[in-house]
Every structure is written in structure tokens, then in C-alpha cells.
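Below, read A as the first sequence line, B as the second, and so on, with proteins coming before strands; counting in each chain starts at 1.
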Number of protein chains: 2
Amino acid sequence: MLDDRKKKILQAIVEEYIETAEPVSSKALVEKRNINYSSATIRNDMAELEKIGLLDKPHTSAGRIPSAQGYRYYVDKLINSNDISMKEIKYIQSQLETKVNQIEDLTKIATTTLSEITHYTSVGIGPKASEQNIQEVKFILLGSRLLMAIILTETGLIKETIIKFNEDITQEQVDTITYLFNNKLHGKPLTQIDKPMEEYMHSEMSNILNVIKPILEQINKAINEDVPVYMEGADKSFELPEFKSLDIAKSFVNILDTDKTKQMIDILNSSNNEDEINVYIGDENVDKSLKDFSIVTFKHKEKGKDLGTIAIIGPTRMDYSKVISAMKYISKQLNKDKLLESGEDDEDGKKK
Amino acid sequence: MLDDRKKKILQAIVEEYIETAEPVSSKALVEKRNINYSSATIRNDMAELEKIGLLDKPHTSAGRIPSAQGYRYYVDKLINSNDISMKEIKYIQSQLETKVNQIEDLTKIATTTLSEITHYTSVGIGPKASEQNIQEVKFILLGSRLLMAIILTETGLIKETIIKFNEDITQEQVDTITYLFNNKLHGKPLTQIDKPMEEYMHSEMSNILNVIKPILEQINKAINEDVPVYMEGADKSFELPEFKSLDIAKSFVNILDTDKTKQMIDILNSSNNEDEINVYIGDENVDKSLKDFSIVTFKHKEKGKDLGTIAIIGPTRMDYSKVISAMKYISKQLNKDKLLESGEDDEDGKKK
DNA sequence: TTTAGCACTATGTATCTCCGAGTGCTAAAC
DNA sequence: GTTTAGCACTCGGAGATACATAGTGCTAAA
């Protein structure tokens, strides 16, 4: 356990370093951070903080910088998690009020807003379709051989896909299929879409057998493929002094490349704690290419269903206080709004 | 007009520089590029090529590099536009055969494939909705106050949006609206969706008046907002030696940031020539932040309708021969396939 | 327990030198 | 007239050296 002065010194070093990106000297703490002890006293404490592993020293004649553990201590015990101004609150509110066309848009807007408030790069991932339960399935015949399937989930997520057939489809067939799907699939998870249909595959209704199969195939494909990813403010990161190091810049681009999106999704989805903000500092990240970065994530859920994940990626020297505060506020707003239900309930009594 | 030897020398310099990223010396041309003249002769020619502005010299005691004009001459007159291997052709074909859920997916696949073949960053932009003509409009009541509008265009592009109402909507209203929309809008451009509807706004059908307005609003929003952008292989660019310069790396990230997407869209959409490959070298680009880059674009059209634009962005020292060849081949394939029609024609005789 | 004072140390920067690759030009060769 | 050999010249990059400086660690005194 640290005594008060050491805590104060650690906090001051972290915050000063976050601000200046330069190793912090004992003198700087006295002059800029109002620590009312002599630089010598502070130096003694700094030496001890270094011994317990909370500070690092780039070299003998430089100041100190926080270690990953130091940031961790700061985030866990010293942080001000209400570091958000009235102006920022207003801005967030105005952004979240924007009308959305789709549920996914909400995550997108939150991602953008977060990047604008924090000046870090933010990444958003749309809802994972596979976790959702089916509310309703609609089929629309777009042409004699072209069928559009629209799946609405209980949380309002919409998946649509187009199926092409080699032979003509009749409206009667479509009606039958629509009836079957909605009868069998309501409330079932999207991943299990083909299980309940299988019995029909082997049933007497041979006239739709050859129609159902391609539909299931295509729907399955649509569910598993499409996880929208939004990235905002990548250019902002490049203004940071850490990006003067080409290695860091490179690994950052590697992380954000669309190809590597799946990696990112894995990283973010491993943060499972519902409605809670997770912070991964430097080498706490499982992925080693993230060792020089910190990630702050938040998973937006409603009734246990994934509505999207939002993350901020920045250098370990990140303004945790600001990032966590902003994310906390946005997450609270997202949960308060319950936007999904605003216009669709009370139809069949299934929802309260 | 250049004599044959000068052409050969220019070509060799461009190609050698593309390969090595080092200023090319007269000696290198003799030894590595089999120019069967003495280095002195070559030096004389290089001096002349520099005088006409086709070559640059970083400093007195360095070799030559092509100027923007030099690249331009190379691209226009010296290039081998069939620089594509059997293996690459096979790969492109296999990729384009992938089943697509939506028309947009085609652009996406082409974008990815192009980046993989050329090893440069590629950017794809989906079809511009505003240029499309309406084929059919469907409305689906998802709840008592939630309506989904699906617009199918003549080229197969699908736009869908959700409209929320403050009061309940009946199926009869939806049917009326569906009839109205399809009656009035078939074959009209998407941008003019509200013009033909206006007369109804002032007509006797007051029971749907308050329904049409929010629908038009929301549809207009969906049309104008949603231009999907795909980016592939940004990390590949960072492996290039030019990205050792932090300024170049920075301006590159600036270009590709989602925020600046609209700039990019403008840039790409200014390349209007249908089914033709456009090359913008260095400062030929209107946007000054692109002065160190070259862009090769191709606009995929069918019957005059925009189906998407694909671009390769790389340093001015780009392998134009390979990029142009690959793009040419992909564009040919895209046009040959006419994928859009494969299953939807002959329904009502409107299409041949 | 805190502080003043001082020796010590690593780094960044500036300056200088030296090397070599490459040119431009002149004069000779073809 | 065209090509080539030869050579002086130039510039940038790599290393070496020195210097100034910011910061520490430690000792001894307050």
C-alpha cells in the first residue's frame, strides 16, 4: 500500500506524462504540479516507486515515465472518472439524438462521437448477428428468380440478403415459406436457423424443398459474414508524438487494416463484461502487436443481446481519465435511451 | 519526339526506379538493364531527358529519378498493359466467381482482389444511389409504428431504411402507398423521388398525407448518406520505402481516414470516363495532399448507371504496368459478367 | 524525516572529416 | 557526327569527437 505522498506523486507523474509525453523530472513535479516537497524528497519516492515497478526510467539521466503497472494502478485507484465538461455532455447528447435508420447506426454514431471527444482513434463493431433471436422473417420476390430475405431480430437488428434461383419461384411458394419460417423460428437464435427447418426438408412438402435449401445457405452466409466495422479518427493518432517512431506507426496501421478486422473483433468480443468498461494497458493485451497501445472497450447490450462494441485505441500514454469518463457517459446514455423499443412494442404483446 | 534510345533509357529508368526506389545511375542501366551503350552516352541522354523535364535529379551526385511528366510519358507511351500472369488471371476469376448477396459486394470483392494482386492500397466506393432509376419500391410493416422501405433500382442496387411513426399505421395505408410509389416512380431517378409524390401531398387522399411525408424524408436521407466505402491493404503501403518519411505516412493516413472519405469520393467520382482507366500522377491530382501519390481509377458502369468505383493508391513510384494491367482485366471481367441480370429479367418484359 | 549540494551520467546536437557514388565535361576514338 | 574513355568535381551519408544539459543518486546537514 502506498502512502499518500507516493500516490500523489504517481498520479502527478502519470498526468504530467500524459500531457507532455516527456519523461517527468522531480523538478517538474514541484514547479508544475504543486507537490510541496523538495525535489530531493520526490526523487527518493520516485526511486521507491520504481523499485515496486510502478515507474520506469528510460535511462539514468532522464526523468521517470509510468510503467504499464503504474498506469494500471492509476486507472484502478487514482483516476477521476468524471472528467467530462458540460460542453462535451451537450455535444454527446446532440449526436445521439440523430435519427437512425438502423440499429447499427447507433454504434456508428457513438463511435464517431467518442473519437471526436477524446481525439483518439475509435473502432466500433456492429451487433453480432449470431447472438440475436429472430423476431420475424419476411421474403420479397424481387423478380421471378430473385428473392430477398429480411430477418428482423428481437433487438431490432435487420439482416437482409438476396437469393438467386435457377428456376422460377411462385408467390405461393414464398407464402408457404414465410409461414413456415415465422412459425418455427420466432424467438430462436439466428445461428439455429436451419435446425428447426430441417424437419421440413424431409417432410412431404416437396414443392418447397428445393427452395428452402438455398435460402438457408444464403441466410447462414449473411449472418456469419457481416459484422460491420467502423473506424474513426485514425489520422488523429498520427499527430501523437509516439507515432514519430515508424515501428509504432506501422503496427498501428496493421491493427486497423480491414484485413485484420477479425483480429480486432476477437479482441473486443473477449471483453464480455456487460455494461462495463474494460481497460487493457500495453502488454496486458493478449495480442502482442498491441503491446505499445491501450484499448478501452465497452460492450453495448440490452437484455443480454449484443448491440455492438466500441473501443478507443491509443498509446499507453492515453488520457484514461477523459476516455473512461466519456465512454461511461455515452454508455449510460445508450442504455437510458432504449431506442429500440420506441415505436415497435405493444403490437403482439410479446414485449412489455 | 524522343528517339528510340532515349525512350528505351526512360523506360529503363522508370522501371528500375519502380523496382529499387533508388535513384538510377547510368552504370546501373548498363549492368542491370542491358542498355548496350557506354555509361557516358547514357549520361548524355539522361541530361537531355532531364532538360525536357522527364527526369529529376535529387542532387548533383545522385542518379536520376522520373519526374511526374516522366511517369506520364511512360504510362501513355511506353507501358506494357498486359503485364499479368496466368496465375493472377486464375486468381481474379476465382474471386469474382464468389456469390454475392448484394450488388455492392461485387465492388468490394473487386477492391480486395485488386489490392491483393497489386500489393497496393485499394479503395472501393459503392454505387451512387442518386444516379439510379427506381425499379420497385416495397414497404413492410415491422410493427404497428415501424415501417421498412426497400427500394430496388434498375441495376439491382438495394436501399433500405426504417421509418418510425408516432401513430399507428394500417396495412391498408401501406398498400395504398405501395401502389402510389410504384405507379409513379418506376424508371424515375432516385433523386427525384419526392417530385412525383408532391401532387398527392396536396390531393384528396388526406388519410395517407401524414404518412408519406416522413417516408420521403427518410428515404431521401438514406439515398444521400449511404455511400459504402471499402479500403483494403493500407498496411501494404506502409511497407514501402517512401513511408519512411513521416510526412508521407501522415498525409496517407489523412487521405484514408473515414472522415475524409467524402474527399476521396469526390476525387474518384470526378473520373467520369465510363469503362476507362484513369491515371493521376503526383501533382496531377486536384487535391494537393495527394501530390506524392498516384491514383489509378476505374468506374464500373452498366447501361450508364454507376455500379461503383475502384481505385488504387500508391506512391508516384507505382508499378503502373502491373496496376493498369490488373485493373484492365478486372474491369473486363466485371463488364462481361453482367451479373445483375442473371436471374431477374423476363418477368414483365421491361428488360430484353 | 526532509532538504541542500554536488558528483556523475547518458543523451542529443553540432561540427568535422572522410569516403564513394555519380555526374559533367573534354578530348580522343570510331 | 556519334560514341566512349578518362578525370575533376560535388554532394550526401556515416562515423568520430566534443560539448552542453537535464536529471539522477547519494551524502551530510538541518
Side-chain angles (χ1 to χ4, degrees), chain A residues 1-10 12-14 16-17 19-67 70 241-242 244-246, chain B residues 1-10 12-14 16-17 19-67 70 241-242 244-246:
Chain A
M1 195 52 192
L2 300 182
D3 63 47
D4 280 355
R5 191 178 63 206
K6 289 212 186 69
K7 278 188 199 167
K8 212 168 153 188
I9 288 175
L10 177 58
I13 290 176
V14 172
E16 177 70 13
Y17 185 63
E19 199 180 312
T20 63
E22 299 287 333
V24 182
S25 73
S26 49
K27 210 173 120 213
L29 291 186
V30 177
E31 287 169 5
K32 298 179 58 185
R33 291 277 154 183
N34 303 316
I35 308 262
N36 288 319
Y37 290 92
S38 78
S39 62
T41 311
I42 294 172
R43 273 203 295 282
N44 288 332
D45 280 358
M46 294 201 307
E48 286 202 50
L49 287 167
E50 188 185 343
K51 210 173 285 170
I52 359 176
L54 297 178
L55 292 181
D56 275 343
K57 195 165 46 173
H59 52 264
T60 338
S61 75
R64 299 301 207 295
I65 61 174
S67 68
E242 354 316 77
K244 291 220 172 81
S245 149
L246 203 69
Chain B
M1 198 48 194
L2 300 181
D3 63 50
D4 280 355
R5 191 178 64 206
K6 288 211 186 69
K7 278 189 199 166
K8 212 168 153 188
I9 287 175
L10 177 58
I13 289 177
V14 173
E16 177 71 13
Y17 185 62
E19 199 179 314
T20 64
E22 300 286 333
V24 183
S25 73
S26 51
K27 210 173 121 213
L29 292 185
V30 177
E31 287 170 4
K32 298 180 60 186
R33 293 276 154 185
N34 302 317
I35 309 264
N36 289 319
Y37 289 92
S38 79
S39 62
T41 311
I42 294 172
R43 273 202 296 283
N44 289 331
D45 280 357
M46 293 201 307
E48 286 203 51
L49 287 168
E50 188 186 344
K51 210 171 283 170
I52 4 175
L54 298 178
L55 292 180
D56 274 343
K57 195 166 47 171
H59 51 265
T60 338
S61 75
R64 298 304 207 295
I65 61 175
S67 69
E242 3 301 86
K244 291 220 171 81
S245 150
L246 202 69

How would you list, by chain and number, every residue that makes a side chain to side chain donor-acceptor pair (under 3.5 Å) with B/Lys244, sequence neighbours excluded? none
Whichever of B/Ser61 and A/Ser26 has its nearest DNA chain D nucleotide further upstream toward 5': B/Ser61
N/O donor-acceptor pair, side chain B/Thr60 with base D/dC11, under 3.5 angstrom: no
Could you list the donor-acceptor pairs under 3.5 angstrom formed by side chains in residues 53-61 of chain B, with sequence neighbours left out?
none

Rounded to the nearest 0.5 Å, what's the gap from CE on B/Met46 to CD1 on B/Ile13? Could you check? 5.5 Å
So do A/Leu2 and A/Leu49 actually touch side chain to side chain, heavy atoms under 4.5 Å? yes
Compare every heavy atom of A/Ser39 with every heavy atom of A/Ser26, then report the nearest pair and how far apart it is. CB-O, 3.5 Å
Nucleotide D/dT2, atom P - distance to CG of B/Asp4 in whole Å: 15 Å
Terminal contacting nucleotides, 5' and 3', DNA chain C versus chain A (heavy atom, 4.0 Å): C/dT2 to C/dT11
Check the distance between D/dT24's C1' and A/Ile9's CD1 and give it to me in whole angstrom. 15 Å
Could you tell me whether A/Lys32 and A/Glu19 have a side-chain N and a carboxylate O separated by less than 4.0 Å? no
Watson-Crick or G-U stems of DNA chain D, 3 or more pairs, under 3.5 Å, by first number: C:1-30 with D:1-30
Going by the rule side chain to side chain contact (heavy atoms under 4.5 Å, CB included), which residues pair with A/Asp3 if we only count those two or more places apart in sequence or in a different chain? A/Arg5, A/Lys6
Looking at B/Leu29 and B/Ala12, what are the two nearest heavy atoms and their distance? CD2-CB, 3.8 Å
Give me the residues of residues 27-54 of chain A where at least one heavy atom lies under 4.0 Å from an atom of DNA chain D, by number, or none. A/Arg43, A/Met46
Close side-chain approach of A/Glu16 to A/Thr20, heavy-atom, < 4.5 Å: yes
Over 12 non-hydrogen atoms of neighbours within 6.0 angstrom of NZ in B/Lys27: no
